[in-house]
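By convention here, the first residue in the shown sequence is residue 1.
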Amino acid sequence: MDRKLHLLETFNARDAQGKSYKVKGYEHMLREELFMGSAEEHWEPTGQAEYRLDTGECVDMLRDGTLRIRDSGVTLTRH
């Protein structure tokens with residue numbers, strides 16, 4: 001099964017010291033097998049989303065709406 005990421009949104013967030021980060025939100029897409037071999041590709045959303053910094057680092061969305069950079073633990077707020 002082929003998968004790809006589809007860009008949904010881009011926004012800015014800040015850490016506690018005021019440093020600004022660009023965050024990108026993606027949705028996981030899955031190529032529909034029924035259309036394999038046809039001239040047109042058909043992709044379906046899987047319901048999974050992920051967030052990454054513009055630099056590629058993974059970001060977790062917390063229940064309260066804040067974000068946390070996975071490797072460093074830095075907390076970000078959307079602005």
Side-chain angles (χ1 to χ4, degrees):
M1 281 187 218
D2 292 335
R3 290 180 165 265
K4 72 176 183 176
L5 294 176
H6 173 73
L7 180 65
L8 292 176
E9 63 178 331
T10 301
F11 58 90
N12 292 314
R14 287 202 173 126
D15 65 15
Q17 286 73 42
K19 182 178 176 184
S20 186
Y21 297 81
K22 184 182 278 187
V23 180
K24 294 181 177 183
Y26 297 93
E27 181 174 34
H28 288 248
M29 304 291 284
L30 186 63
R31 186 159 57 173
E32 182 62 52
E33 297 286 335
L34 296 174
F35 295 94
M36 294 289 276
S38 71
E40 190 174 316
E41 291 185 345
H42 184 77
W43 295 86
E44 289 290 328
T46 65
Q48 288 181 294
E50 77 177 58
Y51 294 89
R52 293 182 176 269
L53 295 181
D54 201 30
T55 58
E57 296 170 86
C58 293
V59 176
D60 295 319
M61 176 71 75
L62 305 179
R63 287 186 178 176
D64 65 358
T66 59
L67 303 141
R68 182 172 294 136
I69 301 172
R70 193 173 293 165
D71 291 337
S72 66
V74 172
T75 300
L76 306 174
T77 54
R78 195 175 183 150
H79 69 94

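For the pair Thr66 (side chain) and Thr77 (backbone), a donor-acceptor distance under 3.5 Å is absent.
Between the CD atom in Gln48 and the CZ atom in Arg3 there is a gap of 5.5 Å [rounded to 0.5 Å]. Residue Glu32 holds its CD atom at 12.0 Å from CG of Asp2, rounded to the nearest 0.5 Å. Note that CG of Asp64 and CG of Leu62 are 5.5 Å apart. Values are rounded to the nearest 0.5 Å. Atom-to-atom distance recorded for Tyr26:OH and Thr10:OG1 is 7.0 Å, nearest 0.5 angstrom.
Nearest heavy atom pair, residue Glu27 against residue Pro45, reads OE2-CB, 3.1 Å. Between Ala13 and Leu76, the shortest heavy-atom distance links the atoms CB-CB, 3.9 Å.
Shown here are the salt bridge (charged side-chain N to carboxylate O under 4.0 Å, His left out) partners of Arg68, two or more places apart in sequence or in another chain: there are none.
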Inset, instruction - Could you walk me through whether Thr75 and Asp15 pass side chain to side chain contact (heavy atoms under 4.5 Å, CB included), step by step? - result: CA-CA 6 Å; Thr75 300; Asp15 65 15; over 6 Å; no
Legend entry - Audit row: His42, Arg31, side chain to side chain contact (heavy atoms under 4.5 Å, CB included) steps and yes/no: CA-CA 6 Å; His42 184 77; Arg31 186 159 57 173; over 6 Å; no
Inset, instruction - Dump the intermediate steps for salt bridge (charged side-chain N to carboxylate O under 4.0 Å, His left out) on Arg78 and Glu9, then the final yes or no. - result: CA-CA 12 Å; Arg78 195 175 183 150; Glu9 63 178 331; 2.7 Å; yes
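Screening residues 44-61 for salt bridge (Lys or Arg N to Asp or Glu O under 4.0 Å) gives Lys24-Asp54, Glu50-Arg52, Asp60-Arg70 as the qualifying pairs, with residues at least two apart or on separate chains.
The side-chain heavy atoms of Asn12 and Val23, taken from C-beta on, include no pair separated by under 4.5 Å. Looking at heavy atoms from C-beta onward, His79 lies in side-chain contact with Ser20 at the 4.5 angstrom threshold. Put simply, the side chain of Phe11 reaches to within 4.5 Å of the side chain of Leu67, judged on heavy atoms. Residues Val74 and Tyr21 form a side-chain contact, since some pair of their non-hydrogen atoms from C-beta on lies under 4.5 Å apart.
Leu53 and Met61 fall within a single hydrophobic cluster, where Ile, Leu, Val, Met, Phe, Trp and Tyr are joined by side-chain heavy atoms under 4.5 Å apart, directly or via other members.
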